[in-house]
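Any value given below was found using the heavy atoms of this structure, including those in side chains, with hydrogens, waters and symmetry copies removed. Throughout, a chain's letter reflects where its sequence line sits, starting with A, and its residues are numbered from 1.
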Amino acid sequence: MAEYAHPEVLVDTAWVAEHLNDPNVRIVESNEDILLYDQGHIPGAIKIDWVADLNDHVVRDYLDREHFEQLLSAKGIGNDTTVVFYGDKNNWWATYALWVFKLYGHKDARIMNGGRAKWIAEGHDLTKEVPSYAPATYKAPERDDSTIRAFRDQVREHIKKSGVALVDVRSPQEYSGERTHMPEYPQEGTLRGGHIPTAASIPWAQAVKEDSTFKSRADLEALYGGKGITPDKDVIAYCRIGERSSHTWFVLTYLLGYPKVRNYDGSWTEWGNGVGLPIEKTYQS
Amino acid sequence: MDRQEAIEFLLDHYQNPRNHGPLDPVDVTMPGGNPGCGDVVTIHLKVNDAGDQIEHVTFEGTGCTISQAAASILTEMVEGRPLTEIDDMDFNDMIDQLGREVVSTRPRCATLALGTLKAAITQYRNNKIRADIDAEQRGA
């Protein structure tokens with residue numbers, strides 16, 4: 001892992017196994033499948049759920065500073081705690097949680113390379129016991145939405161510029177406009193299929209290997225550089241609600257060291273429904 | 001049903017899915033879900049000869065525990081029921097059936113199968129209307 005631009009943000013499963021009882025480390029499981037934690041998790045790991053814990057329950061936004069402080073304090077996480085995220089689906093939701101933590105500037109947040117799948121594949125212990133930690137006192141600054149987060153109007157200006165890059169990390173079918181949601185789908189649907197003009201298509205999971213660990217730096221550079229997503233550019237990544245693109249944000253920012261990468265969390269559920277926003281559709285039915 | 005009971009209920013259906021697999025004969029096969037997210041459910045529907053009641057429903061799919069367990073539970077709930085009762089089934093009813101405390105943060109997963117079944121019934125009715133019109137035209 002030393003090959004990466006910021007190797008300190010990745011730990012392997014062996015490191016986690018050695019730090020299960022480290023009071024300065026909090027292991028955090030974040031999944032798409034909300035019942036996986038109940039079926040078994042890394043001993044001592046707590047659960048943080050992107051819906052219940054990280055989203056504002058009314059406004060489409062993330063929790064505010066006061067609730068972020070309350071959440072972390074209640075989980076026994078202090079400002080100096082090393083937080084190691086892991087989860088299902090190649091750490092898709094783990095990187096999403098890490099991204100939210102970074103909106104609040106948490107200093108030491110890391111990802112367990114390979115996620116839940118690798119931990120299990122290697123035969124490490126799982127437990128159903130939910131740990132309890134003494135509350136901590138967490139003090140957060142106001143959320144910084146300007147550095148690693150992009151908004152719709154910023155994207156609208158972004159696609160008019162030269163020397164910038166936009167990467168769509170959804171599936172090729174979503175990118176082309178072939179697929180939208182099925183009838184009566186209760187949420188997250190879009191009226192239009194397609195992609196934001198100028199976006200390159202690089203599905204997020206191309207950044208990982210079959211064992212769920214990240215590809216080598218050389219392979220990642222070839223993957224993104226080959227589609228024009230290079231470190232000299234101001235890069236914005238998007239998907240459907242900003243979760244898959246947080247994974248790409250993580251790869252570009254920490255593994256490849258790109259200096260300016262933002263995640264457009266409004267993503268296709270906002271853009272594809274937006275009145276007057278330009279889209280491109282390559283799929284011909 | 002408390003939280004733990006709801007989890008056990010869902011896990012049982014996830015690990016031992018009921019009415020799982022293709023269906024033959026079948027009136028409608030309806031795919032549902034979001035491949036990008038990973039939850040996919042395909043509903044196979046057979047309606048009775050009178051065209052007003054579910055004769056049998058099976059499902060196939062992949063995805064999270066809740067989406068697949070909900071599909072299994074739904075197939076048991078709707079067996080033999082009139083189509084009009086499925087029309088009246090509310091997404092909230094489904095969430096309550098599964099255990100609101102456990103699934104409320106994943107309404108899309110919890111209601112994917114129901115939405116897909118409703119779409120299958122709509123497709124069945126459309127097919128029937130077209131078939132009736134064709135029969136009328138042939139008769140004329």
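Of all the listed residues (A:D49, A:N55, A:L36), the one sharing the greatest number of non-hydrogen pairs under 4.5 Å with chain B is A:D49.
Here the side chains of A:Q39 and B:I7 are not in contact, with every heavy-atom distance at 4.5 Å or above.
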Under 3.5 Å, which donor-acceptor pairs link side chains of residues 19-29 of chain B to any protein atom two or more places apart or in another chain?
{"from": "B:N19", "atom 1": "ND2", "to": "B:T75", "atom 2": "OG1", "distance (Å)": "3.0"}
{"from": "B:D27", "atom 1": "OD2", "to": "B:V47", "atom 2": "N", "distance (Å)": "2.7"}
{"from": "B:T29", "atom 1": "OG1", "to": "B:H44", "atom 2": "ND1", "distance (Å)": "2.9"}

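Under the 3.5 Å distance criterion, the side-chain polar atoms of B:R106 are matched with a main-chain donor or acceptor of A:E32.
Between B:S67 atom OG and A:D33 atom CG the span is 7.5 Å, to the nearest 0.5 Å.
Remark: B:R3 engages A:D38 in a salt bridge, criterion side-chain N to carboxylate O under 4.0 Å.
Other residues, nucleotides and ligands contribute at most 12 non-hydrogen atoms within 6.0 Å of the NZ atom of B:K128. In the displayed structure, B:N16 atom CG is contacted under 6.0 Å by more than 12 heavy atoms of other residues, nucleotides or ligands.
If you measure heavy-atom distances from B:V103 to chain A, you find no contacts under 4.5 Å at all. At a 4.5 Å heavy-atom cutoff, the contact between A:N31 and chain B is made by backbone atoms alone.
Residues of residues 50-62 of chain B lying under 4.5 angstrom from chain A, judged on non-hydrogen atoms, do not exist.
In terms of heavy-atom proximity, B:L10 sits nearest to A:L35 at CD1-CD1, 3.7 Å.
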